[in-house]
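In what follows, a structure is listed as structure tokens, so that the remarks can point back to it.
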Amino acid sequence: MRREEYACPNGCSLPPRKKQLREYRNGTYGFDFYDFTFCPCCGSLMPYSLKKLKGFFEVYNIHAALSDAVQLIYKSEFESAAREAFVAVENYLKKKSGLDSHGFDLATRALSFEIDKQTGEIKRAPLIAINDLKNESERNEQDGIRYMLMGFFQGPRNLYQHNHIGSGVSNSISVIIEASFFLHLLDGHSITQNGRWIPETVDYREIYQKVPKRIDRWRLVRLLKKRARRLKKNP
């Protein structure tokens, strides 16, 4: 690691780097440097931590409405970043529903609906529909997201709004990722309609028969044997 990467962005005086015993991914052990994720003095992200975090957000499809929250994280303003994420979700709900409510009440009124238990027809449609509400799975998704948003506002949002929360970057990232999840759903990216359904069981014998190249069949067998050994070692 270059010297400038092991330096607090605010110029705090840091202790010298020390080595510690650690286990590597391949199961071996060795001594490696113990590096701070944050400055132990002021709590700011260290330059190498910030670099990794930016790489993560480049890969993760964070909703565009959360760009300000992400920028606050980069500035190590973690509490402000979380609050900005809550505001972004609340404003998005207000805009799409036309309501002037707040928090818990806003989520309840915006996503709730009524159904005729005898006919199964929708008696009162929600102001914001996550999906078409045509079957039980879609209605469960609508209700589930409503309850999640109600808890999102009633719990962490109210804590951040009414208190000084000295939380680190992990909590703020979690809030932003959850907020992004909600915002994408509000944009119509339903799990029931856009999810990739994975089969519970796979018949590899059938797959083997449909692989035309001998070398690819050999690779498949090798892959399955390796997978079987790994599962046997770590059931």
Side-chain angles (χ1 to χ4, degrees), residues 37-39 42-45 49-50 52-114 124-131 133 137-195:
T37 303
F38 318 96
C39 171
C42 68
S44 296
L45 284 167
S49 300
L50 178 59
K52 290 181 179 179
L53 189 58
K54 286 183 175 180
F56 167 76
F57 279 121
E58 285 176 2
V59 174
Y60 196 92
N61 184 27
I62 292 290
H63 195 279
L66 296 167
S67 58
D68 289 344
V70 172
Q71 291 303 317
L72 287 168
I73 285 238
Y74 293 161
K75 296 177 182 178
S76 296
E77 298 180 20
F78 308 130
E79 185 176 353
S80 297
R83 286 176 175 167
E84 179 62 30
F86 292 122
V87 169
V89 176
E90 189 170 57
N91 288 342
Y92 218 70
L93 276 171
K94 287 182 178 181
K95 182 178 179 180
K96 291 187 73 72
S97 66
L99 296 171
D100 193 28
S101 303
H102 300 278
F104 181 93
D105 183 56
L106 174 63
T108 304
R109 294 174 60 192
L111 278 81
S112 63
F113 66 97
E114 292 182 10
R124 180 177 61 82
L127 296 175
I128 300 176
I130 302 297
N131 52 56
L133 303 174
S137 293
E138 293 181 351
R139 292 164 188 164
N140 286 341
E141 181 187 32
Q142 178 80 18
D143 270 337
I145 298 305
R146 173 168 62 90
Y147 289 129
M148 288 176 69
L149 272 168
M150 290 161 61
F152 184 68
F153 287 123
Q154 183 74 9
R157 180 261 194 183
N158 283 351
L159 289 173
Y160 274 92
Q161 185 180 40
H162 302 296
N163 302 275
H164 176 66
I165 308 292
S167 60
V169 68
S170 297
N171 281 354
S172 296
I173 291 175
S174 298
V175 169
I176 289 175
I177 290 175
E178 189 172 11
S180 182
F181 171 71
F182 290 136
L183 289 169
H184 282 302
L185 284 169
L186 295 174
D187 275 344
H189 297 285
S190 162
I191 299 172
T192 56
Q193 296 178 1
N194 299 286

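The figures here come from the full heavy-atom set of this structure, side chains too, leaving out hydrogens, waters and symmetry mates.
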- Considering non-hydrogen atoms only, spot the tightest contact between Pro156 and Gly151 and give its length. CD-O, 3.5 Å
- Task: Check whether any side-chain heavy atom of Leu93 lies under 4.5 Å from a side-chain heavy atom of Leu111, and answer yes or no.
- Result: yes
- Distance from Phe182 atom CZ to Ile130 atom CD1, nearest 0.5 Å? 9.5 Å
- Interatomic distance, CG@Asp68 vs CD1@Ile73, rounded to 0.5 Å, equals 12.5 Å
- Ala69 versus Ala85, closest heavy-atom pair with distance: CB-N, 4.1 Å
- Counting only heavy atoms not in Lys75, do more than 12 sit closer than 6.0 Å to its NZ atom? no
- Heavy-atom distance under 4.5 Å between the side chains of Lys94 and Leu106, does that happen here? yes
- Partner of Ser190 under side-chain hydrogen bond (donor to acceptor under 3.5 Å, both in side chains), chosen from Glu141, His184, Glu138, Gln142: Glu141
- Taking every non-hydrogen atom, the tightest pair across Ala88 and Leu183: O-CD2, 4.3 Å
- Heavy-atom nearest pair, Ser137 first then Thr192, reads O-CG2, 3.9 Å
- Item | Shortest non-hydrogen contact between Phe57 and Val70, atoms and distance | CD1-CG1, 4.1 Å
- Query: Does the side chain of Leu186 come within less than 4.5 Å of Ile145's, by heavy atoms?
  - Reply: no
- Task: Write down the atom of Ala107, the atom of Leu149, and the distance for their closest heavy-atom approach.
- Result: CB-CB, 3.8 Å
- Item | Phe78 vs Leu45 side-chain heavy atoms within contact, under 4.5 Å | yes
- Item | Ring centers of Phe153, Phe86 separated by less than 6.0 Å | no
- Message: Please determine whether side-chain contact (heavy atoms from CB on, under 4.5 Å) holds for the pair Asn171 and Tyr160, giving the CA-CA distance in whole Å, both sets of side-chain angles, and the decisive distance to 0.1 Å.
- Response: CA-CA 11 Å; Asn171 281 354; Tyr160 274 92; 3.8 Å; yes
- Roughly how far, to the nearest 0.5 Å, is CD1 of Ile177 from CD1 of Ile62? 5.5 Å
- Item | Ionic contact status for Arg83 with Glu79, cut-off 4.0 Å | yes
- Task: Answer yes or no: is there a side-chain heavy-atom contact under 4.5 Å between Glu77 and Ser172?
- Result: no
- is_close_aromatic(Tyr92, His63), centroid dist under 6.0 Å: yes
- Query: Do Asn131 side-chain atoms and Leu133 backbone N/O form a donor-acceptor pair below 3.5 Å?
  - Reply: yes
- Note on the structure: Separation between OG (Ser112) and CE (Met150), nearest 0.5 Å, reads 9.0 Å
- Item | side-chain contact (heavy atoms from CB on, under 4.5 Å) partners for Asp143, two or more places apart | Phe113, Arg146, Tyr147
- Stepwise side-chain contact (heavy atoms from CB on, under 4.5 Å) check, Lys95 with Asn91: CA-CA 6 Å; Lys95 182 178 179 180; Asn91 288 342; over 6 Å; no
- Query: Passes side-chain contact (heavy atoms from CB on, under 4.5 Å), Leu185 versus Ile191? Steps please.
  - Reply: CA-CA 8 Å; Leu185 284 169; Ile191 299 172; 4.2 Å; yes
- Query: Ignoring hydrogens and geometry, is there a side-chain-to-backbone donor-acceptor pair from Glu90 to Gly103 under 3.5 Å?
  - Reply: yes
- Query: Do the side chains of Thr108 and Ser101 get nearer than 4.5 Å, heavy atoms only?
  - Reply: no
